[in-house]
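One structure is given below, encoded as C-alpha coordinates.
Numbers here are sequence positions counted from 1. Indexing begins at 1, ligand by ligand and atom by atom, following the structure's order. These numbers come from the heavy atoms of this one structure, side chains and all, not from hydrogens, waters or symmetry mates.
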Amino acid sequence: MNKIEDDKKRIAKIMEILEKEYPNVKSDLINTSPFQLLIATILSAQCTDKRVNMVTPKLFSEYPTAKELANAENEDVEEIIFSTGFYKNKAKNIISCSNYLLENHSGEVPSTMEELVKLPGVGRKTANCVLGNYFEPEGIVVDTHVIRITNLLGFVKTRNAEAIERYLMKIIDKKYWVNSTHYFIRLGRAVCIARRPKCSECKIKQYCNNYKENMKL
Ligand code: SF4
(Lines give C-alpha, C1' and ligand atoms only; values in the text may rest on other atoms or scores of the structure.)
Protein backbone atom coordinates (compact mmCIF):
# COMPACT_ATOMS: atom_id res chain seq x y z
CA MET A 1 0.00 0.00 0.00
CA ASN A 2 1.37 3.45 -0.79
CA LYS A 3 1.90 6.06 1.93
CA ILE A 4 -1.09 8.20 1.09
CA GLU A 5 -3.55 5.29 1.16
CA ASP A 6 -2.00 3.98 4.35
CA ASP A 7 -2.15 7.45 5.95
CA LYS A 8 -5.81 7.91 4.94
CA LYS A 9 -6.76 4.73 6.80
CA ARG A 10 -4.58 5.52 9.80
CA ILE A 11 -5.87 9.07 10.24
CA ALA A 12 -9.49 7.89 9.81
CA LYS A 13 -8.97 5.61 12.83
CA ILE A 14 -7.35 8.47 14.76
CA MET A 15 -10.28 10.79 13.97
CA GLU A 16 -12.78 8.17 15.17
CA ILE A 17 -10.94 7.77 18.48
CA LEU A 18 -10.45 11.50 19.06
CA GLU A 19 -14.08 12.24 18.16
CA LYS A 20 -15.16 9.98 21.03
CA GLU A 21 -12.50 11.40 23.32
CA TYR A 22 -13.33 15.05 22.62
CA PRO A 23 -17.04 15.39 21.74
CA ASN A 24 -18.59 18.82 21.13
CA VAL A 25 -15.35 20.63 20.31
CA LYS A 26 -15.50 24.23 19.13
CA SER A 27 -13.34 27.32 18.99
CA ASP A 28 -12.24 28.58 22.40
CA LEU A 29 -12.35 32.18 21.22
CA ILE A 30 -15.38 34.12 22.51
CA ASN A 31 -17.38 35.43 19.54
CA THR A 32 -20.96 35.91 18.39
CA SER A 33 -20.40 36.64 14.67
CA PRO A 34 -17.97 35.99 11.80
CA PHE A 35 -16.63 39.53 12.32
CA GLN A 36 -15.88 38.95 16.00
CA LEU A 37 -14.24 35.58 15.30
CA LEU A 38 -12.14 37.18 12.57
CA ILE A 39 -10.92 39.92 14.91
CA ALA A 40 -10.35 37.51 17.83
CA THR A 41 -8.33 35.20 15.56
CA ILE A 42 -6.12 38.08 14.37
CA LEU A 43 -5.51 38.95 18.03
CA SER A 44 -4.65 35.33 18.86
CA ALA A 45 -1.40 35.42 16.83
CA GLN A 46 1.50 34.72 19.24
CA CYS A 47 -1.00 34.74 22.11
CA THR A 48 -3.21 32.28 23.99
CA ASP A 49 -6.97 32.08 23.41
CA LYS A 50 -7.44 32.62 27.13
CA ARG A 51 -5.61 35.95 26.99
CA VAL A 52 -7.58 37.05 23.90
CA ASN A 53 -10.83 36.21 25.71
CA MET A 54 -9.80 38.60 28.47
CA VAL A 55 -9.75 41.59 26.12
CA THR A 56 -12.44 40.87 23.50
CA PRO A 57 -15.53 41.39 25.71
CA LYS A 58 -14.51 45.05 26.22
CA LEU A 59 -13.35 45.43 22.61
CA PHE A 60 -16.61 44.05 21.18
CA SER A 61 -18.81 45.98 23.58
CA GLU A 62 -17.22 49.22 22.37
CA TYR A 63 -16.76 48.15 18.73
CA PRO A 64 -19.30 45.37 17.98
CA THR A 65 -19.10 45.53 14.16
CA ALA A 66 -16.75 46.62 11.39
CA LYS A 67 -18.53 50.00 11.21
CA GLU A 68 -17.54 50.99 14.77
CA LEU A 69 -14.04 49.49 14.66
CA ALA A 70 -13.24 51.13 11.32
CA ASN A 71 -13.75 54.52 12.97
CA ALA A 72 -11.83 53.74 16.15
CA GLU A 73 -8.71 55.62 17.23
CA ASN A 74 -5.53 53.50 17.19
CA GLU A 75 -4.58 54.49 20.75
CA ASP A 76 -7.98 53.52 22.16
CA VAL A 77 -7.81 50.07 20.57
CA GLU A 78 -4.17 49.63 21.57
CA GLU A 79 -5.06 50.27 25.18
CA ILE A 80 -7.74 47.56 25.18
CA ILE A 81 -5.70 44.87 23.37
CA PHE A 82 -2.31 45.75 24.93
CA SER A 83 -1.94 42.47 26.86
CA THR A 84 -2.23 40.29 23.72
CA GLY A 85 1.24 41.42 22.57
CA PHE A 86 2.28 43.07 19.28
CA TYR A 87 -0.56 45.42 20.13
CA LYS A 88 0.46 48.26 17.81
CA ASN A 89 0.46 46.03 14.74
CA LYS A 90 -2.65 44.19 15.81
CA ALA A 91 -4.57 47.45 16.43
CA LYS A 92 -3.50 48.75 13.02
CA ASN A 93 -4.51 45.49 11.35
CA ILE A 94 -7.95 45.12 12.92
CA ILE A 95 -8.83 48.76 12.14
CA SER A 96 -7.56 48.44 8.53
CA CYS A 97 -9.38 45.14 8.20
CA SER A 98 -12.63 46.76 9.35
CA ASN A 99 -12.15 49.60 6.86
CA TYR A 100 -11.54 47.09 4.07
CA LEU A 101 -14.72 45.20 5.03
CA LEU A 102 -16.74 48.41 4.98
CA GLU A 103 -15.36 49.57 1.66
CA ASN A 104 -15.47 46.22 -0.15
CA HIS A 105 -18.06 44.02 1.55
CA SER A 106 -20.60 46.40 3.14
CA GLY A 107 -19.08 45.58 6.53
CA GLU A 108 -19.73 41.84 6.22
CA VAL A 109 -17.07 39.11 6.39
CA PRO A 110 -16.67 37.40 3.00
CA SER A 111 -17.22 33.63 2.82
CA THR A 112 -14.37 32.49 0.56
CA MET A 113 -10.65 31.92 1.09
CA GLU A 114 -9.86 34.03 -1.97
CA GLU A 115 -11.56 37.11 -0.49
CA LEU A 116 -10.56 36.53 3.12
CA VAL A 117 -6.81 36.44 2.50
CA LYS A 118 -7.03 39.88 0.86
CA LEU A 119 -7.96 41.40 4.25
CA PRO A 120 -5.16 43.18 6.13
CA GLY A 121 -3.63 40.90 8.78
CA VAL A 122 -5.43 37.79 7.50
CA GLY A 123 -3.53 34.72 6.35
CA ARG A 124 -4.69 31.19 5.50
CA LYS A 125 -4.83 30.13 9.14
CA THR A 126 -7.19 32.95 10.17
CA ALA A 127 -9.26 32.51 7.01
CA ASN A 128 -9.58 28.75 7.63
CA CYS A 129 -10.69 29.44 11.16
CA VAL A 130 -13.50 31.79 10.06
CA LEU A 131 -14.57 29.56 7.14
CA GLY A 132 -14.62 26.44 9.29
CA ASN A 133 -16.71 28.01 12.02
CA TYR A 134 -19.18 30.06 9.98
CA PHE A 135 -19.01 29.02 6.32
CA GLU A 136 -17.82 26.08 4.19
CA PRO A 137 -14.26 24.96 5.08
CA GLU A 138 -11.72 25.31 2.28
CA GLY A 139 -8.77 24.03 4.28
CA ILE A 140 -7.55 22.95 7.70
CA VAL A 141 -6.23 25.20 10.47
CA VAL A 142 -2.63 24.21 11.18
CA ASP A 143 -1.33 25.62 14.45
CA THR A 144 1.63 24.69 16.61
CA HIS A 145 -0.13 21.62 18.09
CA VAL A 146 -1.12 20.32 14.66
CA ILE A 147 2.45 20.84 13.40
CA ARG A 148 3.99 18.98 16.34
CA ILE A 149 1.52 16.09 16.51
CA THR A 150 1.27 15.35 12.77
CA ASN A 151 5.08 15.11 12.73
CA LEU A 152 5.10 12.76 15.74
CA LEU A 153 2.37 10.64 14.23
CA GLY A 154 4.55 10.34 11.13
CA PHE A 155 2.20 11.86 8.57
CA VAL A 156 4.63 14.66 7.66
CA LYS A 157 8.28 15.56 8.13
CA THR A 158 8.11 19.32 7.94
CA ARG A 159 7.20 22.30 10.10
CA ASN A 160 5.87 24.24 7.12
CA ALA A 161 2.19 24.90 7.98
CA GLU A 162 1.05 25.22 4.36
CA ALA A 163 2.73 21.98 3.30
CA ILE A 164 1.17 20.19 6.29
CA GLU A 165 -2.24 21.64 5.48
CA ARG A 166 -2.01 20.50 1.85
CA TYR A 167 -1.11 16.96 2.92
CA LEU A 168 -3.81 16.76 5.60
CA MET A 169 -6.41 17.89 3.04
CA LYS A 170 -5.44 14.86 0.97
CA ILE A 171 -5.76 12.32 3.76
CA ILE A 172 -8.48 13.64 6.13
CA ASP A 173 -12.14 13.14 5.25
CA LYS A 174 -13.67 16.58 4.65
CA LYS A 175 -16.19 16.03 7.43
CA TYR A 176 -13.25 16.27 9.87
CA TRP A 177 -11.51 19.31 8.34
CA VAL A 178 -12.79 21.64 11.06
CA ASN A 179 -12.77 19.31 14.06
CA SER A 180 -9.41 17.62 13.37
CA THR A 181 -7.70 20.85 14.45
CA HIS A 182 -9.75 21.02 17.65
CA TYR A 183 -8.94 17.36 18.39
CA PHE A 184 -5.19 17.88 17.93
CA ILE A 185 -5.27 21.05 20.07
CA ARG A 186 -7.05 19.20 22.88
CA LEU A 187 -4.70 16.22 22.59
CA GLY A 188 -1.72 18.58 22.52
CA ARG A 189 -2.78 20.37 25.68
CA ALA A 190 -3.73 17.31 27.71
CA VAL A 191 -1.67 14.35 26.48
CA CYS A 192 0.74 14.98 23.62
CA ILE A 193 2.30 17.90 25.47
CA ALA A 194 5.33 19.55 23.84
CA ARG A 195 8.58 17.90 25.01
CA ARG A 196 6.81 15.67 27.55
CA PRO A 197 4.12 13.64 25.79
CA LYS A 198 2.25 11.20 28.00
CA CYS A 199 2.45 8.37 25.48
CA SER A 200 1.48 5.59 27.86
CA GLU A 201 -1.94 7.16 28.41
CA CYS A 202 -2.45 8.30 24.81
CA LYS A 203 -5.57 6.82 23.18
CA ILE A 204 -4.03 6.92 19.69
CA LYS A 205 -0.60 5.47 20.52
CA GLN A 206 -1.19 2.34 18.43
CA TYR A 207 -1.36 4.62 15.35
CA CYS A 208 1.62 6.81 16.29
CA ASN A 209 4.96 6.36 14.53
CA ASN A 210 6.86 8.15 17.30
CA TYR A 211 5.45 5.77 19.88
CA LYS A 212 6.29 2.73 17.75
CA GLU A 213 9.85 3.99 17.17
CA ASN A 214 10.41 4.56 20.89
CA MET A 215 9.04 1.13 21.76
CA LYS A 216 11.82 -0.41 19.66
CA LEU A 217 14.52 1.17 21.82
S1 SF4 B 1 1.69 8.32 21.38
FE2 SF4 B 1 2.87 9.95 22.36
S3 SF4 B 1 3.86 11.06 20.68
FE4 SF4 B 1 2.22 9.81 19.81
S5 SF4 B 1 0.48 11.20 19.69
FE6 SF4 B 1 0.30 10.07 21.60
S7 SF4 B 1 1.32 11.36 23.15
FE8 SF4 B 1 1.94 12.11 21.12
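For the pair Asn209 (side chain) and Leu152 (backbone), a donor-acceptor distance under 3.5 Å is absent.
With salt bridges taken as basic N to acidic carboxylate O contacts below 4.0 Å, one links Glu136 and Lys174. Under a 4.0 Å N-O distance rule, the pair Glu16/Lys13 does not qualify as a salt bridge.
Of the residues Lys9, Lys3, Lys8, the one that meets the salt bridge (charged side-chain N to carboxylate O under 4.0 Å, His left out) test with Glu5 is Lys8.
Atom NZ of Lys205 is surrounded by more than 12 heavy atoms from other residues, nucleotides or ligands within 6.0 Å.
The two atoms that bring Leu43 and Thr84 nearest to each other are O-CB, 4.0 Å, heavy atoms only.
Counting only protein N, O or S atoms, 1 lie closer than 2.8 Å to atom 6 (Fe) of ligand 1.
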